[in-house]
Protein chains: 2
Amino acid sequence: MSPRDMSSNSPTVNDNKITMKPQTVVRKICPHNANVSCSSCRLNELCLPIALNKSEIHLLDEIVERNRPYKKGDHLYRQNDDFKSVYAVRSGSFKSYVLSNNGQGRVTGFFLPGEIIGMDGIASKHYANSTQALEHSSICEIPFSQLEKLSQQLPSLQHHFFAIMGNEIAKDQQIHTLLSSYTAEERTASFLLGLSSRFAHVALSPIRYLLPMTRSDIGEYLGLTVETVSRILTALQRKGLIEVNNREIELLDIEALRQVIGSK
Amino acid sequence: MSPRDMSSNSPTVNDNKITMKPQTVVRKICPHNANVSCSSCRLNELCLPIALNKSEIHLLDEIVERNRPYKKGDHLYRQNDDFKSVYAVRSGSFKSYVLSNNGQGRVTGFFLPGEIIGMDGIASKHYANSTQALEHSSICEIPFSQLEKLSQQLPSLQHHFFAIMGNEIAKDQQIHTLLSSYTAEERTASFLLGLSSRFAHVALSPIRYLLPMTRSDIGEYLGLTVETVSRILTALQRKGLIEVNNREIELLDIEALRQVIGSK
DNA sequence: AATGCAATTTAATCTAAATCAAAATTCTGA
DNA sequence: TCAGAATTTTGATTTAGATTAAATTGCATT
């Protein structure tokens, strides 16, 4: 399996805005522009470069590979591929999922700009998940062996990567608790609030955002069926806590949403 | 909150074998003997020292603190305590859990000899869980700041600790899948098989072992009630897949147990 | 050995969410 | 612009596992 597979599970199309304009113009306006160094990247305060100084960022810059954008449905890697790199989302979003023997997929994570993908492969040297773009997206690839070498030179990079991995562990354990004891409504409210703060983290609106994933993706992630997710969203809307318009979500009463999961 | 709290949730007692014999004899026979260096520890092939050479292990030995044994119910640390160390189980077993607002506990993990506890605190600098001994147990404490310093000197230690954390991430994601799509019977079978291979890993029998935790702990961990856990164990026994006698488990038909979760 | 509490099992009932079925809506590409 | 596909919603029914209740077993302390 090639590390870069442009085929999609679902039929995809090119982004109209891009294919309709000449290349040079695209370069200028494309929000997924690959020619951005870590030092000038708007995410450098929350991605790997955090806690590095100018000259250290320059060293990091040299090992980061900025691939061309991924189309919706493109795979970053597939389950069982050789582990080579971790990835930082620059723009767009991704989902990780595993396929069970009976063909059913289960989503194990969603990734927004600034977040790191692929750490599940570090121990076994093979990715445990498949990971796929949910929309037109761009990525920084960080070859792990080089990240390790650089971490030997830069104590603050080592420290920060330990923290990134520790954060992933803490987050995964929160999800463990959520799945083992929350009701469908509590899970959904928690999910919406979680997305909200992640959007806020990348300077997007925490009260009004577009879901990059389907109801089915959400269901697989939260251990619910599509129908239940849909019903819960409708119910939360009827209660006046949120406004749903297809993929667009508006959080009308964040305090009440917190109350939903209040006792947990 | 002190880092070492000898009080228990449940009333506990001293281990008869120990309190009934004079100190000097205890030192000799106690399986939780604290005076074992990493180099002579029987777990050194699967704990932190793995992949280190003799002189490197000696450096590690110097930062490891070998505390006196923990009694059943003693806390290693509590939720929200300042993060200072990670811990390697030397003997016995531990559980991590979080308390919800309504007082309900949810178990987030079990730890057997050779396994590393406390990585959930690395990012936030506060432990996200409480962790408590399930039986008379002993621990090696590894102050994290010293582990970081040593990892700067020893590339293979850095590499190995990245792997340990990556392994934790991969395991947590498997549990995510388990909780979001497995039935009660599948979860229980998977749990029993998982314990089996972990016991095998420390050279204990993979087909006959004692559960260190209660049915309630198992239920909290698997997102099931005690009653369901009990019923499923009884059902698996009736089907001839296992033999249950209180805390003692014998796996009679491992292949059939694998079949239970076969399609997943 | 006796006592008392914690842990486990068993049984009856209930319920949240799954499943099944189908209609409505949105997206996609020709 | 439109047809077909995918996604989402809605409703009726079923069910796995929760809840409630009680009996039983195990184990620590007296």
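Letters A, B, ... mirror the listed sequences (proteins, then strands); counts begin at 1. Just so it is clear, the structure is predicted and the values come from calculations on it, not from any experiment.
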Next item on the list: Whole angstrom is fine here: how far is it from CZ in A:R106 over to C1' in C:dA18?
Entry: 11 Å

Note to self: Classify A:T225 by what it touches in the nucleic acid, base, sugar-phosphate, or nothing, heavy-atom distance under 4.0 Å.
What the structure shows: base

Next item on the list: Under the salt bridge (charged side-chain N to carboxylate O under 4.0 Å, His left out) rule, what do A:R208 and A:E250 come out as? Steps first, then yes or no, please.
Entry: CA-CA 4 Å; A:R208 200 185 171 89; A:E250 184 169 7; 2.7 Å; yes

Margin query: Please report the distance, rounded to the nearest Å, between CD in A:E186 and P in D:dA18.
Written below: 15 Å

Check: Is the distance from OP1 or OP2 of C:dA17 to the nearest side-chain N or O of A:T228 less than 4.0 Å?
Finding: no

Note to self: Side chain of A:E227 only, heavy atoms from C-beta on: which candidate in D:dG17, C:dA17, C:dA21 is closest?
What the structure shows: C:dA21

Notebook entry, point to check: Quick one: B:L179 CG to D:dG17 P, roughly how many Å, whole number?
Noted result: 13 Å

Checklist line | Residue pair A:Y127, A:R78: steps toward the side-chain contact (heavy atoms from CB on, under 4.5 Å) verdict | finding: CA-CA 7 Å; A:Y127 295 105; A:R78 286 172 194 267; over 6 Å; no

Note to self: Whole angstroms only, please: what is the CZ-C1' distance between B:R231 and C:dA7?
What the structure shows: 15 Å

Check: Between atom CD in B:E220 and atom C1' in D:dG17, what is the gap in whole Å?
Finding: 16 Å

Notebook entry, point to check: How close or far is atom P of D:dG17 from atom CD1 of B:I232, stated in whole angstroms?
Noted result: 6 Å

Checklist line | Sub-4.0 Å heavy-atom contacts from residues 233-249 of chain B onto DNA chain D, ordered by number | finding: B:N246

Check: D:dA28 P sits how many Å from B:K72 NZ, rounded?
Finding: 7 Å

Notebook entry, point to check: With the threshold set at 4.0 Å, does a side-chain nitrogen-carboxylate oxygen contact exist between B:K239 and B:E185?
Noted result: yes

Check: Within the pair A:S230 and D:dT8, is there a side-chain N or O less than 4.0 Å away from OP1 or OP2?
Finding: no

Notebook entry, point to check: Can the ring centroids of A:F110 and A:F94 be said to lie less than 6.0 angstrom from one another?
Noted result: no

Check: Can you tell which of C:dA17, D:dG17, C:dT8 lies closest to the side chain of B:T183?
Finding: D:dG17

Check: How is A:G219 classified with respect to the nucleic acid when contacts are heavy atoms under 4.0 Å: base, sugar-phosphate, or nothing?
Finding: nothing

Check: D:dT25 base to B:R215 side chain: any donor-acceptor pair below 3.5 Å?
Finding: no

Checklist line | For atom CG of A:L222 and atom P of C:dA17, their distance in whole Å | finding: 12 Å

Check: Yes or no on salt bridge (charged side-chain N to carboxylate O under 4.0 Å, His left out) for A:E115 and A:R198, after CA distance, side-chain angles and deciding distance?
Finding: CA-CA 10 Å; A:E115 300 178 343; A:R198 287 159 77 189; 2.9 Å; yes

Check: Got a sec, which residues hit side-chain contact (heavy atoms from CB on, under 4.5 Å) with A:A256, two or more places apart in sequence or on another chain?
Finding: A:L241, A:D253

Margin query: Under the side-chain contact (heavy atoms from CB on, under 4.5 Å) test against A:L224, which residue among A:T183, A:T188, A:L179 passes?
Written below: A:T188

